[in-house]
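Read the structure below first, then the notes.
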Amino acid sequence: MFDPGPQFGALTGNWAGWCCTGLLDAGGQWYLTLEEGSSGDVTGTVEYIEAGGPSMQPRIASGTVSGRHSGADVSLGFRYDDGRRGSFTGAQNSETAFRGSMSGWTSFGPDAVLFERTP
C-alpha cells in the first residue's frame, strides 16, 4: 500500500502543552521531548506540572512517552514515574502545533490539549 508520508514534519523536538485551553490554572502544563523514527514511532520523555494541589504548590510528575505519528494523526501513551498513566490522541495541524484529547491519570477527565513546539 502506498504511504504518502507525513502531511507535516516530524514531531521530533521539544513541545509544551496546555490542558483546558484558556483555563491554564485548571489543567497545568506538559513538557514533551519527542524523537520520531522514520517509521513514525515516537519515543521521548514527559514532565507534567500540575497546578494547585492541597498546599497550592505545583506538583511535578515525570515519565516516558511512546506512540505513533501517521500523516497528521498523533497517538501518544504516557507512563509516569509514580505509576500513573495517560494517553493523548489528536492531529498535527501545523509544523509547530498539534491538538487533541488527553485522558488518563489527571482528575480533569478527557480534556482538549494544545501542544506547541518550543524553540
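Starting from 1, each residue takes its place in the sequence as its number. Given the structure is predicted, the values throughout are model-derived calculations rather than measurements.
Residues passing the side chain to side chain donor-acceptor pair (under 3.5 Å) test with Arg68, sequence neighbours excluded: Asp41. For Ala97, the side chain to side chain contact (heavy atoms under 4.5 Å, CB included) partners two or more places apart in sequence, or in a different chain, are Asn93, Ser94, Leu114, Glu116.
Taken to the nearest 0.5 Å, the CD atom of Gln92 stands 12.5 Å off from the CZ atom of Phe115. The distance from the CZ atom of Phe78 to the OH atom of Tyr48 is 11.0 Å, given to the nearest 0.5 Å. Taken from CG in Leu76 to CG in Leu34, the straight-line distance is 6.0 Å, to the nearest 0.5 Å. To the nearest 0.5 Å, the span separating CZ on Phe88 from CE on Met102 amounts to 8.0 Å.
Shown here for Gly63 and Asp81, the closest heavy-atom pair between the two residues is CA-OD1, 3.7 Å.
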Q: Could you walk me through whether Ser103 and Ser87 pass the side chain to side chain donor-acceptor pair (under 3.5 Å) test, one step at a time?
A: CA-CA 5 Å; Ser103 62; Ser87 64; 3.2 Å; yes
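For the residue pair Ser66 and Thr43, no side-chain donor N or O sits within less than 3.5 Å of a side-chain acceptor on the partner.
The shortest side-chain heavy-atom distance between Val113 and Trp18 does not fall under the 4.5 Å cut-off. Ile60 places a side-chain heavy atom less than 4.5 Å from the side chain of Glu47.
Annotation: Arg117, atom CZ; neighbour count of heavy atoms from other residues, nucleotides and ligands within 6.0 Å is above 12.
Looking at Ile49, Thr45, Thr118 one by one, the single match for side-chain contact (heavy atoms from CB on, under 4.5 Å) with Tyr31 turns out to be Ile49.
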Tabulate below the donor-acceptor pairs under 3.5 Å that side-chain atoms of residues 8-15 make, not counting sequence neighbours, or state none.
unit_1: Thr12; atom_1: OG1; unit_2: Glu36; atom_2: N; d: 3.0
unit_1: Asn14; atom_1: OD1; unit_2: Thr33; atom_2: OG1; d: 2.9
unit_1: Trp15; atom_1: NE1; unit_2: Leu11; atom_2: O; d: 2.5

